[in-house]
Structure formats: structure tokens, C-alpha cells
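One structure is given below, encoded as C-alpha cells.
The figures that follow rest on heavy atoms only: side chains count, while hydrogens, waters and symmetry mates do not. Counting from 1, the numbers follow the sequence of the chain as shown.
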Amino acid sequence: MAERTLGVIGGSGLYELPGLTDVERVRPKTPFGEPSDEIVVGRLGGTRLCFLPRHGRGHRILPSELPFRANVYALKTLGVDSILAVSAVGSLREEIVPGHLVVPNQFIDRTRGRTEESTFFGRGVVAHVQFADPFCPVLSQALLGAARGAGATVHEGGTYVCMEGPAFSTRAESHLYRSWGAQIIGMTNLQEAKLAREAELCFATLALATDYDCWHASHDDVHIEDILKIIAANADLARQTVAGLAPALPERTGCPCPTALATAIITDRATIPPQVKRDLAPIAGKYL
């Protein structure tokens with residue numbers, strides 16, 4: 001059996017993960033281009049871990065420009081079986097105070113023009129994965145325990161609105177999302193979750209609330225300098241949570257993730273182009 005490996009996609013403010021041992025840096029080439037940056041491979045608490053800064057070191061890549069497919073593909077080829085995505089978000093609820101953490105369990109998609117970055121399939125292969133419950137429930141529960149163990153105020157569940165960006169919401173949009181019952185808003189996690197499901201990886205998000213978006217009448221509108229202060233304060237909390245999760249990775253049982261593609265590919269295998277089969281081998285080879 002392959003060694004368990006946790007992939008961590010670091011969001012705004014989390015560009016490094018101190019404490020890793022036996023470190024090497026790699027940048028795998030993929031059929032979908034290069035990942036956002038070098039991937040740091042090492043061990044944390046005895047667990048093999050691969051760390052990738054989502055926006056690149058120095059925060060160089062817009063949300064709409066992110067190479068989502070290359071990122072997830074590269075992690076899969078390095079042996080990752082579970083992904084923790086760390087993400088800065090705006091709060092749409094009074095009780096989710098800036099500085100609190102959220103482990104969401106649902107998505108609403110408000111992105112545009114990211115279609116090619118939302119699936120590994122196409123080019124002669126059609127697959128439809130189940131996505132009713134987009135986060136791995138088992139990994140999410142383990143993440144909740146690790147966040148609480150780090151001393152965080154963490155909210156269990158909630159809907160993440162994934163918007164296009166890079167501008168923040170209008171006030172009307174912010175009130176609309178609240179009327180839908182959503183809890184948090186960000187710009188990155190939806191495509192990662194879809195691709196992780198297609199790659200049969202467990203996926204959970206640690207969302208760091210940085211502001212109240214622009215709906216809150218008694219708080220200032222969103223200012224990037226204020227967000228950065230809270231991100232900096234929460235970065236250490238996120239690192240402690242990762243350190244708690246790594247040695248406590250749950251077994252991959254009781255979730256739909258390891259067999260997500262089992263009945264999803266509907267294309268006649270004989271019609272799939274050979275190059276596409278080769279490209280998809282790390283993702284779906286056992287089904288092709």
C-alpha cells in the first residue's frame with residue numbers, strides 16, 4: 001500500500017510551511033502546464049506532506065489565472081491522496097468574526113470563464129462525477145479536530161460562495177449571497193474541489209475569515225490592508241492546524257472520494273485518443 005501523503009495548498013498569507021524535515025523541492029511538468037510554484041515535499045509529524053503555495057511565492061497569480069488542473073495533477077502524481085486547501089475568505093454572517101475559521105461543507109459557483117480549469121476531461125473523454133457533497137466528510141471532521149486542538153474558534157459547515165474576482169463584491173451582491181444562506185465568500189476553492197473529486201482525492205478546506213465583505217453596516221468596507229493584518233495573525237494558527245492534521249490523517253473509508261470515477265466515465269474506451277489516455281493515466285488510468 002502506498003504511503004499516506006497530505007497535500008496542502010496554501011492560500012493568501014501561507015506561502016511556506018515551517019517544520020518540514022527531509023525537504024526537497026520539485027516542479028512536476030503536467031499535460032496542463034506547470035503548477036503555481038515549486039512543490040515542497042517533506043515530512044511533518046512523521047507524515048509525508050506536499051506543500052504548494054496557490055498564488056506562488058510573492059503572491060503573483062490572480063485567482064482567475066490559477067493553473068488549477070496543473071496544481072491538482074502535480075499533487076496526484078507525487079502520491080498525494082488527501083488535499084487540505086487553506087483559503088482566505090470574507091464572512092457573510094455576524095457570528096463568523098474576522099479571525100475565526102470555517103470548515104465549509106457546500107459551494108455556490110459564481111465564477112466565469114474557468115470551464116477549462118474545472119475538469120481534467122474533454123478532448124474525447126466525457127465523465128460526470130457526483131458533486132452533491134463537494135467536501136470529504138471524513139477529512140473535514142479530522143480538520144475540525146485539528147483546528148480546535150490548535151485553539152481556533154472554528155465553525156463547522158457552511159456554504160462557500162466562489163466568486164470570480166479579483167475585485168471584491170458589490171454591496172448588492174453581498175446582500176444577495178446572504179439571502180441565499182451562504183456563510184463565506186472566496187475566489188479559489190471550487191475548481192480545486194471539483195478536480196480533487198475527479199482525481200479521487202479527499203478534499204477539505206480551512207477557510208480563514210478576514211473581513212465582513214461589505215454587507216455589515218457597522219463595519220468598514222473591505223480594505224486590503226486590514227485583510228492582510230488578519231491574514232498575518234491567522235497564518236500561525238493555520239500552520240498549527242496543519243501540524244495537528246498531518247499525523248492524524250483519517251483512513252479513506254466512509255467517503256465517496258476513492259471511487260469517484262468508478263461509474264463516471266461514459267465514453268466508449270475504444271474511441272479515446274491514445275495521447276489523451278496517456279495524459280489521464282495518473283488521474284483515471286485504471287478506468288481507461
| field | Where Y287 and I265 come nearest, the two heavy atoms and their spacing | value |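 That would be CB-CD1, 3.9 Å.
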
| task | Might you point out which heavy atoms bring T30 and G33 nearest each other, and give the distance in Å? | result | OG1-O, 2.6 Å

Should [X] and [Y] count as an ion pair when the cut-off is N to O under 4.0 Å?
X    : Y    : result
K76  : E200 : no
R27  : E38  : no
R178 : D213 : no

Short question: side chain of [X], backbone of [Y] - any donor-acceptor pair under 3.5 Å?
X    : Y    : value
E198 : L261 : no
R54  : L52  : no
N71  : S36  : yes
Q183 : G181 : yes

| message | Which residue is it: T77, V80, I283, L195? I am looking for the one with a side-chain contact (heavy atoms from CB on, under 4.5 Å) to V72. | response | L195

| request: Among T5, L49, D22, find the one that has a side-chain contact (heavy atoms from CB on, under 4.5 Å) with R43. | output: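 When T5, L49, D22 are each tested with R43, the side-chain contact (heavy atoms from CB on, under 4.5 Å) holds only for D22.
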
| query | Do the side chains of V103 and L101 get nearer than 4.5 Å, heavy atoms only? | reply |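 The answer is no, as the side chains (C-beta and beyond) never meet within the 4.5 Å cut-off.
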
Give, for atom [atom1] of [X] and atom [atom2] of [Y], the distance between the pair rounded to the nearest 0.5 Å.
X    : Y    : atom1 : atom2 : result
L44  : R239 : CG    : CZ    : 12.0 Å
L288 : T267 : CG    : OG1   : 9.0 Å
Y177 : I184 : OH    : CD1   : 14.0 Å

| Atom CD of E65 with >12 non-hydrogen neighbours under 6.0 angstrom |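 Yes.
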
| query | Within a radius of less than 6.0 Å around CZ of R112, do more than 12 heavy atoms belonging to other residues, nucleotides or ligands occur? | reply | no

| query | Under a 4.5 Å side-chain heavy-atom rule over Ile, Leu, Val, Met, Phe, Trp and Tyr, are I83 and Y73 clustered together? | reply | yes

| message | As a quick check of understanding, evaluate side-chain contact (heavy atoms from CB on, under 4.5 Å) for T119 and K194, giving each step before the final call. | response | CA-CA 7 Å; T119 180; K194 284 185 174 181; over 6 Å; no

| field | Parallel, tilted or perpendicular: ring planes of H55 versus H59, cut at 30 and 60 degrees | value | parallel

| Angle class for the F107/F131 ring planes (parallel below 30°, perpendicular above 60°, tilted otherwise)? |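 The arrangement is parallel - the two ring planes meet at less than 30°.
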
| said: Working note: S174 + L92, criterion side-chain contact (heavy atoms from CB on, under 4.5 Å); need CA distance, chi angles, decisive distance, verdict. | reply: CA-CA 7 Å; S174 193; L92 298 171; 3.8 Å; yes

| If you measure only the distance, is there a donor-acceptor pair under 3.5 Å linking the side chains of E156 and Q141? | yes

